[in-house]
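So the structure is just underneath, and the comments pick up after that.
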Amino acid sequence: MDPLASSHQGTGEGMILSPGTHSLSESSYTAHPRFLELQEELRSALFTAVSDGTPKQYLVQATTEPALSELRHDIDLFARSPVPKPRLINYLKNWITECAPYLDKFDEARHFGVHIPILARESPGLFYAILAFSARQTERKAGLRNCHDSLELYQESIRWVSPGLQAKDPNVLVTACVLAVMELMSVSPQDWRRHVDGCAALFDCFSVNGFSGGHLQAVFWCYVRMELCGVIVSNGAERTVLPLEKWVPAVSLGQASESIEDNEKRVRELFLEQSRLTPDMHANWAVYLCAKACDLVCRRTRYLELGEYDTTDPRPFHEQWNRLWDELQYWLEQRPRAILPTKSTNMQGDRMFPEIFYAHQAAISSNQLYHTACILLLEVKPPTTLLSSSHLASSVWHARRVCGISLTNPHPGNLINAIQPLFIAGKLLSHRREHIAVAKLFKAIEQTTGWGALWRLRDLEAVWGYETNEILSVI
């Protein structure tokens, strides 16, 4: 999931360029003083709750079957909103039909589309959060410049966050995550850490991870997909806010002395066991491995450029690289049937990209992230490492598959998740026809989903050697 850049001066690879006037719903929203105040108010409430040691038990219990919120008291949530009820109903419908499927793309149980709206009936903060998200998506997709329903609803949701924490409302973590996604839909990507750090603090404080079960597990993986997009945007300069070791269950006291290799094996077995139960977890595993690739690149960059000693993993870089590469290939070999392509064709004739069709929606992004992770690792491959497979060792081969997956599978949620992989892959393409095909993808993502994508196309134009908007003007 990806934000829309507001402004950033400079050109060249790794720089975030201003989207100019071509992005949908370009307005003063991102610089709106009230929005900035509310954003800071939300972060302050979350960090205060964590620092005050708010009891954890209520969120731990919520991983199974959450009780009704203590905040309800038969409040008419529609009547309290400053937005007219007919528009609120439309936003609720839009959440079910468009927004939730974007967030549920790795979740067969459809927690965002089915379970969370039910929870929202008893949780005012969550109720207004999903409406704010839906309103913002509607505004952006329609290109509305003077409609600020989303800001009104965002404000109303934040008003309930502190009371929710005090009342031990188990849905406050879900509320915080939905609001973070909404913020990232609306503001510049270089600020991504400010939008996820409050969520990271809550997940850490309440020991919620990718194996917690229930709707909190689904919310966790939604959150870390934001983290992954952020670290890719940082171009190797930053690590995830929530450390990767906290994405999985903590090591028990009896295992505290386990080695790095033992820990990697334990995590692999956790994912593999859950993957046998649901293909969703195999897709989440790809998110985790791609984040690990970004982390390795970042640690390598900091060592080479800043001389930082790597305290995370004392093993030589080539050994870390080889182990992670093997993990990625193991992920590929162990894919359940649902994550395999239903049909694929190679590049033939004048076809620029392979056609790779997936029936299961989680297969689309997860396979794309596998290829993205391979590209990232190949960029820093140790010179002494030799790979036996010629196509797996080719960054361009992986890049064409990233593009082919998006062209063949137009699921909107996966197109949103493809913005960063398409940027990584696009940098490796050299032919103008390929550039135009990728540019059309970025334009389609923004027009059909409301999510900012054209700012990333402008980054690619600089990498490809074009003037700003040169490719955009011909599609």
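Both backbone and side-chain heavy atoms feed into the values below; hydrogens, waters and symmetry mates do not.
- The existence of a salt bridge linking Arg456 and Asp459 is confirmed by a sub-4.0 Å separation between a basic side-chain nitrogen and an acidic carboxylate oxygen.
- Judged by a 6.0 Å distance limit and a 45° cone about the ring axis, Arg136 is not positioned over the six-membered ring of Tyr154.
- Of the charged side-chain nitrogens involved, none lies within less than 4.0 Å of a carboxylate oxygen, so that Glu355 and Lys343 do not count as a salt-bridged pair.
- When only modelled atom types and interatomic distance are considered, His371 and His398 share a side-chain donor-acceptor pair under 3.5 Å.
- No donor-acceptor pair under 3.5 Å is formed between the side chain of Glu470 and the backbone N or O of Glu461.
- A side-chain N or O of Asn263 and one of Arg266 form a donor-acceptor pair less than 3.5 Å apart.
- Remark: Glu264 engages Arg315 in a salt bridge, criterion side-chain N to carboxylate O under 4.0 Å.
- A donor atom on one side chain and an acceptor atom on the other are not found under 3.5 Å apart for Arg401 and Gln368.
- Counting non-hydrogen atoms of other residues, nucleotides and ligands closer than 6.0 Å to NZ of Lys440 gives a total of 12 or fewer.
- No side-chain donor from either of His411 and Tyr358 sits under 3.5 Å from a side-chain acceptor of the other.
- To the nearest 0.5 Å, the span separating OG1 on Thr372 from CD1 on Ile424 amounts to 7.0 Å.
- Between Asn414 and Gln361, the side chains place no donor N or O within less than 3.5 Å of an acceptor N or O (distance only, hydrogens not considered).
- Between atom OH of residue Tyr466 and atom OG of residue Ser473 there is a gap of 11.0 Å, rounded to the nearest 0.5 Å.
- Of the possible polar contacts, one joining the Gln137 side chain to the Thr449 backbone as a donor-acceptor pair under 3.5 Å is found.
- Inspection of the Asn367 and Arg335 side chains reveals an N or O donor paired with an N or O acceptor under 3.5 Å.
- For the residue pair His195 and Gln39, a side-chain donor N or O sits within less than 3.5 Å of a side-chain acceptor on the partner.
- Cation-pi geometry between Arg225 and Phe106 is satisfied (NZ or CZ under 6.0 Å from the ring centre, within 45° of the ring normal).
- With respect to Glu308 and Arg299, no salt bridge is recorded, no charged nitrogen being found less than 4.0 Å from a carboxylate O.
- Contact check for Trp325 versus Leu378: side-chain heavy atoms found under the 4.5 Å cut-off.
- Here Lys141 does not pair with Glu446 in a salt bridge; the nearest charged N to carboxylate O distance is not below 4.0 Å.
- Comment: Glu40 engages Arg43 in a salt bridge, judged by a side-chain N to carboxylate O separation of less than 4.0 angstrom.
- Ring geometry, Tyr288 versus Phe271: the interplanar angle falls from 30° to 60°, so the pair is classed tilted.
- Leu369 CG to Leu228 CG: the interatomic distance, rounded to the nearest 0.5 Å, is 6.0 Å.
- Below 30°, between 30° and 60°, or above 60°: for Phe203 and Tyr223 the angle between ring planes is between 30° and 60°, a tilted geometry.
- Defined by atom type and a distance below 3.5 Å, a donor-acceptor pair is missing between the side-chain atoms of Gln274 and His282.
- For Arg400 and Phe353, the positive end is not near the middle of the six-membered ring at less than 6.0 Å and at most 45° from its axis.
- A heavy-atom distance below 4.5 Å is not found between the side chains of Glu183 and Arg194.
- The aromatic rings of Tyr370 and Trp331 lie parallel to each other, their planes meeting at an angle below 30°, with 60° marking the opposite boundary.
- The distance from atom CD of Glu152 to atom CG of Leu131, rounded to the nearest 0.5 Å, is 13.0 Å.
- With contacts defined as side-chain heavy-atom distances shorter than 4.5 Å, the pair Met352/Leu429 does not qualify.
- Contact of the Leu216 side chain with the His111 side chain is not registered, since no non-hydrogen atoms from C-beta on lie closer than 4.5 Å.
- Under 3.5 Å, the side chains of Thr240 and Glu227 contain no donor-acceptor pair of N or O atoms.
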